Amino acid sequence: MPGPFRARVTTATLRVYLIHIPAGLARSARRVTLHLPDRWSWQHAFTGLFDAAHPPPA
């Protein structure tokens with residue numbers, strides 16, 4: 001990620017430069033929903049990564 005972007009990083013900037021996934025973000029009632037494609041080839045890898053980073057509440 002280029003230097004000038006680090007000071008004002010947004011969700012879109014992170015998605016484009018770090019993650020770059022074909023998804024759309026929806027915001028409603030203080031919640032962010034990530035809409036992924038139906039038959040995305042990296043779906044299982046991304047789901048595994050997300051589950052490892054954000055385990056369900058105990």
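Computed from a predicted model, the values in this text were never measured in an experiment. Values below: every heavy atom of this structure, side chains too, minus hydrogens, waters and symmetry copies.
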Would you please classify the geometry between the Phe46 ring and the Phe50 ring as parallel, tilted or perpendicular, with 30° and 60° separating the classes? parallel
With Trp42, which residues qualify under side-chain contact (heavy atoms from CB on, under 4.5 Å), at least two apart? Trp40, Ala45
Which residues pass the ring pair (Phe, Tyr, Trp, His ring centres under 6.0 Å) test with His35, not counting sequence neighbours? none
Do Thr33 and Leu25 touch side chain to side chain, with heavy atoms closer than 4.5 Å? no
Give me the atom names and distance for the closest heavy-atom approach of Gln43 to Asp38. OE1-O, 3.7 Å
